[in-house]
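Below, chain A is the first sequence line, B the second, and so on; all start at residue 1.
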There are 2 protein chains.
Amino acid sequence: MLHGHSRSDASSLLQSRGERATPARKAVLDILLGASSALSHADIDAQTRSRGQPLDRVTLYRVLDWLVSHGLAHRIAAEDRVWRYNVAHDQDHGHAHFRCSGCGQVFCLNELRPAFAVSLPEGFHFQQAELTIQGLCPTCNKP
Amino acid sequence: MLHGHSRSDASSLLQSRGERATPARKAVLDILLGASSALSHADIDAQTRSRGQPLDRVTLYRVLDWLVSHGLAHRIAAEDRVWRYNVAHDQDHGHAHFRCSGCGQVFCLNELRPAFAVSLPEGFHFQQAELTIQGLCPTCNKP
DNA sequence: CCCGGTCATGCAACAGGATTGCAAATATCG
DNA sequence: CGATATTTGCAATCCTGTTGCATGACCGGG
């Protein structure tokens, strides 16, 4: 998987916010920056492990929570009841997600900003909407 | 909570499909028919218990699975990673859900059929879309 | 430079939801 | 009625995620 990010991106991203750039945070953020789809805790754990710098399960959970609460990552709940994370893109306007019914991977569709006219039943108060599209990802779509 | 369903609705619904109308299925389906929002396993368990006909945890899971796989119920995964169920309404066109950020309850919005122009990235194959709206339910919306 | 406090990490134990295996009970069909 | 298939219940297990607590790293002030 080719991509243009390097370790330093993660560091500088953290530093530019005046936050501590600890090894765990740098590693996790770097992994997220290099991912092409949203990653689960298990995915990230596997990557830290294969990089030879395994993190404690709990530490990983806490780093992810920290990244989310500091606006650096975004957390997605999918049908399989597993949290998935990706780097937060600009605003947190309710964007759309794509879930592959073949492999279960979740992709963020940042471009897609569907307009829909919402008319809720009496008494309901609207706050935010999220669109989830299900289908086949490029890999699973191949014959 | 007033509603017009009775035990016999569940029975006849099952029988009209030529399926076994066991006590467990009748009870669960009846509960679902009388619910105003999607119910979790715990919700349904509590109701069977308060009715004096408690079901085994596992039996309840299996009855729910059975109902879903036979098109009688619909299963929803919410942010809290708890399955919720409601009676399946006609077609299974991807409909919309409302999740209350106050109490966590999930409501099915059967009427809402938002139109959105989906243009997926190259290689992705569309199957179905689902809209989740977050906000406050009538109860939590009261001052 | 060192001390004291704050923040981060790791380990262990736990929690809650859901699933699996297996045996007993129940229903269906010939 | 008896053979067969389906349902139910119980126990044990799994999987994801959390909490408590002690240790270790970092930072800022003297």
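Side-chain atoms of A/Arg57 and base atoms of D/dG17 include a donor and an acceptor less than 3.5 Å apart. No donor-acceptor contact under 3.5 Å links the side chain of A/Arg62 to the base of D/dG17.
By the rule that hydrophobic residues join a cluster once side-chain heavy atoms approach within less than 4.5 Å of another member, A/Val68 and A/Leu60 end up as members of one cluster. By the rule that hydrophobic residues join a cluster once side-chain heavy atoms approach within less than 4.5 Å of another member, A/Leu13 and A/Leu64 end up as members of one cluster.
A/Asp45 places its CG atom 14 Å from the P atom of D/dC15, with the value rounded to the nearest Å. B/Leu55 places its CG atom 14 Å from the P atom of C/dT26, with the value rounded to the nearest Å. Going from atom CG of B/Asp56 over to atom P of C/dA18 covers 15 Å, rounded to whole Å. Computed from coordinates, the A/His70 NE2 to C/dC7 C1' distance equals 11 Å when rounded to whole Å. B/Leu39 has its CG atom 16 Å from the C1' atom of C/dG17, to the nearest Å. Between the CG atom of B/Asp65 and the P atom of D/dT8 there is a distance of 13 Å, rounded to whole Å. Protein atom CG of A/Asp43 is 11 Å distant from nucleotide atom P of D/dG17, rounded to whole Å. A straight line from CD of B/Glu19 to C1' of D/dA5 spans 14 Å, rounded to a whole angstrom.
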| request: Show your working on side-chain hydrogen bond (donor to acceptor under 3.5 Å, both in side chains) between B/Ser37 and B/Gln105 and close with a plain yes or no. | output: CA-CA 7 Å; B/Ser37 68; B/Gln105 272 194 102; 2.7 Å; yes
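Across all strands, B/Val82 comes closer than 4.0 Å only to sugar-phosphate atoms, never to a base (heavy-atom distances). Note on A/Ala24: only backbone sugar-phosphate atoms sit closer than 4.0 angstrom, heavy atoms only; bases stay farther off.
Across D/dT6, C/dG10, D/dT18, the shortest atom-to-atom separation from the side chain of B/Arg20 is found for D/dT6. The side chain of A/His41 approaches D/dG17 more closely than any other nucleotide in the set D/dG9, C/dA27, D/dG17. Closest approach to the A/Tyr61 side chain among D/dT6, C/dT19, D/dG17 is made by D/dG17 (side chain taken as heavy atoms from C-beta onward).
Listed pair A/Thr22 / C/dT9 meets the phosphate criterion, a side-chain N or O lying under 4.0 Å from OP1 or OP2.
Position along DNA chain D of the nearest nucleotide to B/Arg25 versus B/Arg81 favours B/Arg25 as the more 5'-ward residue. Both B/Arg75 and A/Trp66 lie near DNA chain C, and the one whose nearest nucleotide falls closer to the 5' end is A/Trp66.
Contact of the A/His74 side chain with the A/His97 side chain is registered, since non-hydrogen atoms from C-beta on lie closer than 4.5 Å. Inter-residue side-chain proximity for A/Asp9 and A/Asp30 is flagged as unmet; no heavy-atom pair is nearer than 4.5 Å.
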